[in-house]
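Let me begin by presenting the structure, written as structure tokens, before commenting on it.
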Amino acid sequence: MTTSSTSDDSATSPEPESQPPTRGGRRRRNSATTLAYAVAIVSAVAAAFVTPLGDHLMKGFLDEPTCPGEACEGKNPQNQGCGEDARTYKPAVGNPALLQIRYSEDCQAVWARVERGSPGDLVTAEVTGGAKRAAQIEYGDDKFTSMVSVGDGEFQVTACAVPKAGGESTYERYCIHATEATAWR
């Protein structure tokens, strides 16, 4: 009699060894990862250039203000890149509000800034024969005006720090004057 033996190969054979991924599979996975990283980096760079920081960086690369002359009238000097080349006139003595006038030759504009004020105080900048700008301190102790165009030539500008009536500031109205020939620092 013949005995027939049935064997279950799967039960007695060892499990097939795991094979390492083929070289092509690994390359595809690395390529996909590399592509994902590249897309993320390009997206981050593109997003940076459409934000205010990116706008500021682009202006730095271009090295030109976005609004020379009349185009700067009434605009924020920081947003237009005009602070990059700005020089300052700030009397060192007898300046109770730490008032200053900023001048950007590239932007052909000036603006005023008060550094020691109180909420409600005003800072003004006025160009003789031109516009006048004012800004009120909302919180903290400093504020700057928007820009006043001075063109490419001679100008006279007056900046004033005006304390709020009944406010916290202890100084009285304080003004300074400057021209294109002032010793700007």
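Here, residue 1 is the first one in the sequence, and each next residue gets the next number.
- Residue-environment remark: CD (Q156) stays at or below the threshold of 12 foreign heavy atoms within 6.0 Å.
- In this structure, R116 contributes its side chain and L99 its backbone to no donor-acceptor pair below 3.5 Å.
- Between the side chain of Y174 and the backbone N or O of L98, no donor-acceptor pair lies under 3.5 Å.
- In the hydrophobic cluster analysis, where Ile, Leu, Val, Met, Phe, Trp and Tyr join through side-chain heavy atoms closer than 4.5 angstrom, F155 is grouped together with I101.
- Contact of the C175 side chain with the T158 side chain is registered, since non-hydrogen atoms from C-beta on lie closer than 4.5 Å.
- Contact detail for G74 and S146: the closest heavy-atom pair is O-CB, 3.4 Å.
- From M147, atom CE reaches atom NZ of K75 across 7.5 Å, with rounding to the nearest 0.5 Å.
- Within the 4.5 Å cutoff, no side-chain heavy atoms of Q136 are placed close to those of K143.
- The one candidate from T145, T88, D142 that meets the side-chain hydrogen bond (donor to acceptor under 3.5 Å, both in side chains) condition with R113 is D142.
- A single hydrophobic cluster is not seen to contain both Y103 and W111; linkage of ILVMFWY side chains at heavy-atom distances under 4.5 Å, directly or through other members, places them apart.
- D141 contributes no side-chain N or O that, together with a main-chain N or O of G117, makes up a donor-acceptor pair within less than 3.5 Å.
- In terms of heavy-atom proximity, V127 sits nearest to S149 at CG2-O, 4.2 Å.
- Using a 4.0 Å cut-off between charged side-chain N and carboxylate O, R87 and E105 make a salt bridge.
- Looking only at side-chain heavy atoms (C-beta outward), S169 and S118 come within less than 4.5 Å of each other.
- Counting only heavy atoms from C-beta outward, the side chains of V150 and E180 never approach each other to under 4.5 Å.
- Checked for salt-bridge contact, E126 and R133 miss the test: no charged N lies under 4.0 Å from a carboxylate O.
- Distance alone, capped at 3.5 Å, places no donor-acceptor pair between the N95 side chain and the A92 backbone.
- One hydrophobic cluster, built from ILVMFWY side chains closer than 4.5 Å, holds both I176 and I137.
- Separating the CD atom in Q78 from the CD atom in E84 is a distance of 10.0 Å, to the nearest 0.5 Å.
- Under the ring pair (Phe, Tyr, Trp, His ring centres under 6.0 Å) criterion, Y89 pairs with no residue, sequence neighbours left out.
- Closest of all the heavy-atom pairs between C107 and S104 is N-OG, 3.0 Å.
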Could you walk me through whether R102 and W184 pass the side-chain contact (heavy atoms from CB on, under 4.5 Å) test, one step at a time? CA-CA 8 Å; R102 305 270 293 158; W184 301 94; over 6 Å; no

Test side-chain contact (heavy atoms from CB on, under 4.5 Å) applied to R173 and C160, step by step: CA-CA 7 Å; R173 179 184 176 97; C160 296; 3.6 Å; yes

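- Interatomic distance, E168 CD to T170 OG1, rounded to the nearest 0.5 Å: 10.5 Å.
- Between the side chain of E73 and the main chain of V148, no donor-acceptor pair closer than 3.5 Å is present.
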